[in-house]
Amino acid sequence: MPLKLHPDTSNKSEKSDLLKGLNSKQLEAVTSTEGPLLIIAGAGSGKTRVLTYRIAYMIQQGALPGQILALTFTNKAAKEMKQRIAKLVSPEAAAAIYAGTFHSIYARLLRQNADKIGYTSDFSIYDTDDSQSTIKSILKDLNITKDQVTPQAVQSRISYAKNRMIGWQEFASKASSPVDRIAARVYQEFDKKLVQCNAMDFDDLLLNMINLLKSSGEMLDYYQNRFQYILVDEYQDTNRSQYLSLNYFSAQHKNICVVGDDAQSIYRWRGAEIRNILDFQKDYPNAHLVRLEQNYRSTKTILSAADAVIRMNKGQIPKKLWTENDEGNKITLKQLNDDRDEAEYVSKIISQKISLGQNYSNVAVLYRTNAQSLLFENSFRAKNIPYIIIGGISFYKRKEIKDTVSYMKLLINPNDDESCIRALNEPPRGIGKTTIEKVREFANQHSIPLFQAFSRADEIQELQPRFKLSASKFSNLILKYSQIIKDENSDIFIRQYLEETGLVQFYSEMDTDDAQERVRNISQLISDLTRYYANTDNPTLSDYVQQISLITDIDEKDTSQNRVTLMTLHSAKGLEFPNVFICGLEAGLFPLSRTETNIEEEEEERRLFYVGITRAEKDLYLTYAASRMRFGEINRQMKSKFLNNIPSTLFSSSSSTILPQQQFSPPINSFTGNMVPKRDNSNIPQFDDLHVGKPNFEYSQIQDEEELKPGDKVRHNLFGEGKVISLAGSRTNIQAIVNFQGLGKKKLMLQYAKLEKIK
DNA sequence: GACCTGCTGATTTTT
DNA sequence: TCAGCAGGTC
């Protein structure tokens, strides 16, 4: 169907403005709006710009924003794309576009039609931890011990199968090893359990989308008409189920545009199939192909290094990435004695750059494994280098946050057994393992959710009266508030509910730093919920919980501030920085040792190195250490074989001489265990960036403007109104004792507690 | 049922 | 190195 001109946006000058500044290939990609289009976009070739402009152009040409489906790799990328479209076209248009990750968009669509596939719209989304603990309980029910198979092994096999659209029946029929046979058995139970719990894991969001499309002709018809234009970013990293769902969506109109680069495929281990991009032209025989090969990001030197590396891979499509940029600085290769020296070296270079007028935010430090971040953190903190870590333990994976979210989930989806278990004994209610086992048995016998079994505790003969009492207290609390929320959907009641769970009070009363931090985190989550209710049309708790279930590490970080970014090479995909350090280039670490025996895995590692190199705009530093502490032991190692792929002419003269491996100097410290500074989070600017949307952590504003004094009336987000009893501590670390109405006295750190002074 | 202690395995990468 | 867990004790 050709595009019709939109009457009010067909302004000629706007249109030409939009296309101005694009090179001929980019222009071709932007304006080829009809039919299947494959864009092979080399690193730094302006891919994001092309996608954004293409959408804006389509809208200008008459496409309805609500008919556009744009799938990106992170929610952040989608958000940025929408922001740019808001400027290029209009905020209304941007808001109407369906843009997000596969998982978040599909979750949204599934919510609207959950009943068609046997769920309710309030289904829970299980993250990896939830799934694993479900698997553990299944293993227990099946009397399978850890000696036979680990829950992790089972989980990864199930996920592997799901990613490739292999159901349990097929998996069972092909299972040849004992572990596979167990996994097949668990897989079957797991599927059943998830449906019972009204829950989906990450893989199910994709699979169920396909099930939904297959569920009826009308459904398929509806969505094929609904999404007239489909755009997919990072197509090389899509898996089988993503691929199939796209085929369903686009089968009629075939207006599908995929963008990718086979050289940057780094998620094979997660089920991504490069063949999706390689076979696109087979799938759509009349597909138009555009190659974006001009790089606007990096210097010639960096590009040469990247090219030299990727050329070592056999299974790559030949590409000629080129740039008009300068030759630029040589690459620095540095050998250090050990991992601590490596961190010191990186800090030193960063400090030098800062003194020459660079910004911290122009620097990224990339590594293979999250565990490597610790030494950089220590060193940066000692040198007052502000930094942000992406990845590692996410805010939403913290115990107290998961517990709080479990209470929310349970309120909207009482079938959710995982949340029930989590919430049940946090804070401790005196219901122990034996009791839970008895209730679980009862639930299994009657095929009812765990929560329902707790509500019927009276009927369970073997339970002692005191357990029956605490069980009914627990279920009454949930039932009471789920009714209240149904009657009046307001965040006020959710806050009240969370307070009544006693979770915050439990931590508040524990006088440890750790507990105080947990209180702060919970209160931050609650502020976020409040903000969500204030800023969203038709907010619901269910929607909020689903949103935060799908937040990715990179989404939740505010990278706009002036600080160094620390992250894994995987997380760096799609980003760019003037200065990039790639650290830990050692045999066994990068490439990881387990990949060395498998050519395909090693090629994937090499692509990962390629991705890392091509993040750099101007200066690239490659470092490796002769010895490194791993698993609490000091290991000596050789430099990475990947370094041999880069011609030595590209390295600066100040680079370390590339020593033959045998000549490595021995590590200076034979044992550094005690010398590594303890992790100390006290002065890192971290609380403001662990967040959905805009964090706005408004701490310490009050005491800066007007000092609190005993007798003042204050309001706390969670505890409500109260009166300041006393203040103690140093200026930067004031502790207040506040008497809250109905709650009694609480000790609060002013620096973190959000106290609002009221008249 | 709560708490303590000593053992074990984890470090790939993430929606 | 250290978090998480099983197993023992009160």
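Letters A, B, ... mirror the listed sequences (proteins, then strands); counts begin at 1.
Counting any heavy atom pair closer than 4.0 Å across all strands shown, A:D127 reaches no nucleic acid atom. The residue A:L550 sits apart from the nucleic acid: no heavy atom pair falls under 4.0 Å. Across all strands shown, A:S571 has heavy atoms under 4.0 Å from sugar-phosphate atoms exclusively, and none from any base.
Nearest-nucleotide positions on DNA chain B for A:W269 and A:T150 put A:T150 closer to the 5' end. In this structure, A:F102 and A:A371 both approach DNA chain B, and ranking their closest nucleotides by distance from the 5' end singles out A:A371.
Counting to the nearest Å, the P atom of B:dT13 and the NZ atom of A:K573 are 16 Å from each other. As rounded to whole Å, 18 Å separates atom P of B:dT11 from atom CZ of A:F590. A:H103 has its NE2 atom 14 Å from the P atom of B:dT14, to the nearest Å. Between A:H570 atom NE2 and B:dT15 atom P there is a gap of 11 Å when expressed in whole angstrom units. Between the CG atom of A:N635 and the P atom of B:dA10 there is a distance of 17 Å, rounded to whole Å. The nearest whole Å value for the distance from the CD atom in A:E426 to the C1' atom in B:dA2 is 13 Å. Counting to the nearest Å, the C1' atom of B:dT12 and the CD atom of A:Q152 are 14 Å from each other. Taking atom CG of residue A:N163 and atom P of nucleotide B:dT15, one finds them 13 Å apart after rounding to whole Å.
Rounded to the nearest Å, the gap between the C1' atom of B:dT13 and that of C:dG4 is 22 Å.
Contact annotation: the side chain of A:Y507 approaches that of A:D403 to within less than 4.5 Å [non-hydrogen atoms, C-beta and beyond].
Between A:F609 and A:F642, the angle of the ring planes stays under 30°, which puts this pair in the parallel group of the 30/60° scheme.
When the nucleotides B:dT12, B:dT15, B:dG1 are ranked by their closest atom to the side chain of A:T435, B:dG1 comes out on top. Distance from the side chain of A:N370 is smallest to B:dT14 among B:dT14, B:dT15, B:dT12. Side chain of A:R270, nearest nucleotide from B:dT13, B:dT15, B:dT11: B:dT15.
For the side-chain hydrogen bond (donor to acceptor under 3.5 Å, both in side chains) with A:S124, the lone residue among A:D417, A:N198, A:D416 that qualifies is A:D416. Partner A:E586 forms a salt bridge (charged side-chain N to carboxylate O under 4.0 Å, His left out) with one of A:R628, A:K639, A:R368 and no other, that one being A:R628.
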Under 3.5 Å between N/O atoms: give me all the protein pairs with nucleotides 4-10 of chain C, atom names plus distance.
residue, atom, partner, partner atom, Å
C:dC5, OP1, A:K136, NZ, 3.3

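Salt-bridge formation is not detected for the pair A:R606/A:E603: no Lys NZ or Arg NE/NH1/NH2 atom is positioned less than 4.0 Å from an Asp or Glu carboxylate oxygen. By the 4.0 Å N-to-carboxylate-O rule, A:R240 lies close enough to A:E273 to be salt-bridged with it.
Take A:F190 and apply the ring pair (Phe, Tyr, Trp, His ring centres under 6.0 Å) test, not counting sequence neighbours, and it matches no residue.
In DNA chain B, consecutive stretches of 3 or more Watson-Crick or G-U wobble pairs with both distances under 3.5 Å are given as paired ranges: B:1-10 with C:1-10.
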Inset, instruction - Please report the C-alpha distance between A:K162 and A:D204 in whole Å, then the side-chain angles of each, then the deciding distance to 0.1 Å, and finally whether the salt bridge (Lys or Arg N to Asp or Glu O under 4.0 Å) criterion is met. - result: CA-CA 8 Å; A:K162 283 191 175 185; A:D204 287 340; 2.8 Å; yes
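Using a distance-only test at 3.5 Å, with no hydrogens or angles considered, a donor-acceptor pair links the side chain of A:S104 to the main chain of A:T101.
Distance OG/A:S137 to NZ/A:K193: 6.0 Å, rounded to 0.5 Å.
By the criterion of a centre-to-centre distance under 5.5 Å and near-parallel planes under 30°, the ring of A:Y267 forms no stack with the base of B:dT13.
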